[in-house]
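Below you'll find the structure, written out as structure tokens, and then a few comments.
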Amino acid sequence: MKKNIVIIATGGTIAGESNSKGYDSGVLTVERLLESVPQLSGLAEFEAIQFCNIGSQDMNFSTLQKLVQLIQEKCDRTEIDGVVVIHGTDTMEESTFFCDLVIDTDKPIVFTGSMRPNSSLSADGPLNIYNAVLAASSEQLHGYGVVVCLNGEIHSARTVLKSHTTSVGTFISPVSGVIATIVGNALFCQSKYRRLRSPFIRSQLQDLIPFPRVDIFYGYTAMNEDLIEYSVSQGAKGIILAGMGNGNVNKSVVDCCVRLAAAGICVVRASRVANGPVVRNLEIDDSLCGFVVSGNLSPQKARVLVMIALQTGVSMNEIQKLFYELG
Ligand code: GLU
């Protein structure tokens, strides 16, 4: 029997159309996108919803909360087998991780998009949509949490990283590798990875409360700390350092962040390097400085976790534990 899949479109390059210079994201409707994949009707029954139509660089947390509510509502219906979300690739890492932390279901939730606009030669969108519906219909993906499906590969929201500005094979999962590969109509699972239980499940679904401001600062030679101070003076409650190597920053930045941590700001050391964890107390004494390390989470995912943790009132002492448990 065919599975029942909900397809929720939010925009992105996949819904893009060429203009005289390049292309505009988020132009085509979900109906138009699905017309380019007539093979879908042989694969699943589906309901298509146009949730919004934006480039994902314009995604924000209040829209994401509404998206979470919609996905949760669909997953709670017994007749629904899985959900596909069509989304721009630029912020897919953050959106999928956010959804993974708060949605309560074992059903597959599969984000897809494309790197080439719908009107381009050899557009990758139609096959990505087909594969995403195939993945959302698959029993094999139950319990893996929110995943990203592009270019015939399935990645966990926890590990996925956009690694190339324009290539159709942009998504990678450093260290852990892919969950599964799709060839034709077959899904080959390569990972025993299962979703880790998040303490935030359903916690964001009741109220659309604004999130605290958390800013990311990129590390570089002779970095200046004054913008970090400025960000806190403007209301930031969390600072994520995309530090060098194992999350290192120069002494003046460390000193500034020690002062901020003592004043109750959540300071997280993440890394500008794509591969490998940020480890505690190597060159910087995090225990003494009052810092948190991001473990396996990239700066952009560390920011999502800190925003949710601070909004739900998690204590500073508990935040490091969360990174170890969820990253
Ligand atoms: N800016 C676009 C977006 O994220 C480009 C990326 C894409 O969709 O591939 O929506």
Side-chain angles (χ1 to χ4, degrees), residues 7-37 48-68 70-71 83-100 109-133 135-136 146-157 159-174 178 182 216 218 242 274 298-301 303-304 307:
I7 303 176
I8 302 171
T10 70
T13 295
I14 195 166
E17 208 163 42
S18 306
N19 60 30
S20 55
K21 291 185 185 142
Y23 70 91
D24 299 309
S25 282
V27 175
L28 303 179
T29 62
V30 66
E31 287 78 20
R32 276 286 303 281
L33 294 186
L34 299 185
E35 271 168 26
S36 56
V37 205
I49 300 171
Q50 187 75 55
F51 174 76
C52 60
N53 213 351
I54 56 174
S56 70
Q57 60 271 38
D58 290 321
M59 186 51 81
N60 60 49
F61 287 90
S62 92
T63 306
L64 267 181
Q65 280 177 299
K66 290 179 197 135
L67 180 62
V68 161
L70 177 60
I71 298 172
V83 173
V84 168
V85 180
I86 296 173
H87 190 289
T89 59
D90 282 353
T91 60
M92 202 178 272
E93 292 159 74
E94 285 105 308
S95 293
T96 52
F97 188 52
F98 183 89
C99 290
D100 196 55
I109 299 169
V110 184
F111 274 60
T112 194
S114 78
M115 293 300 287
R116 299 183 184 134
N118 190 277
S119 50
S120 76
L121 193 65
S122 205
D124 51 331
L127 181 58
N128 286 342
I129 292 175
Y130 183 88
N131 283 342
V133 172
V146 178
V147 297
V148 167
C149 176
L150 263 92
N151 199 38
E153 291 182 340
I154 296 174
H155 299 263
S156 160
T159 59
V160 73
L161 178 89
K162 186 170 182 178
S163 70
H164 194 286
T165 51
T166 51
S167 163
V168 295
T170 186
F171 284 109
I172 59 169
S173 286
V178 298
I182 297 176
I216 299 175
Y218 199 87
S298 64
Q300 54 273 31
K301 287 185 202 174
R303 174 173 176 259
V304 169
M307 287 170 80

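Note that ligands are numbered from 1 as they come in the structure, with each ligand's atoms numbered from 1 the same way.
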Per-atom contacts of ligand 1 with [X], taking only distances under 4.0 Å to non-hydrogen atoms:
X	value
Gly55	10 (O)
Thr13	2 (C), 5 (C), 6 (C), 7 (C), 8 (O), 9 (O), 10 (O)
Tyr23	5 (C)
Gln57	1 (N), 2 (C), 3 (C), 4 (O), 10 (O)
Gly88	3 (C), 4 (O), 8 (O), 10 (O)

Any donor-acceptor pair under 3.5 Å linking the side chain of Asn128 with the backbone of Gly113? yes
Say whether, by atom type as modelled, one donor and one acceptor occur between the side chain of Asn60 and the main chain of Ser62 under 3.5 angstrom. yes
Among Ser114, Gly125, Gly16, which one has a heavy atom closest to atom 9 (O) of ligand 1? Ser114
Is there a heavy atom in Ser25 that sits closer than 4.0 Å to ligand 1? yes
May I ask you to identify the nearest protein heavy atom to atom 6 (C) of ligand 1, giving residue, atom name and distance to one decimal place in Å? Thr89 OG1, 3.1 Å
Name all pairs fulfilling the side-chain hydrogen bond (donor to acceptor under 3.5 Å, both in side chains) condition that reach into residues 84-97, sequence neighbours left out, sorted by first residue then second. Ser56-Thr91, His87-Ser95, Thr89-Lys162, Asp90-Lys162, Glu93-Gln300
Donor-acceptor side-chain pairing of Tyr23 and Ser119 below 3.5 angstrom: no
Rounding to 0.5 Å, atoms OG1 (Thr112) and CG (Asn151) come to a distance of 10.0 Å
State the OH-OG distance between Tyr130 and Ser36, to the nearest 0.5 angstrom. 14.0 Å
Structural part of Ser56 in contact with ligand 1, heavy atom criterion under 4.0 angstrom: both
Passing candidate, side-chain contact (heavy atoms from CB on, under 4.5 Å) with Phe171, options Glu153, His155, Met115: His155
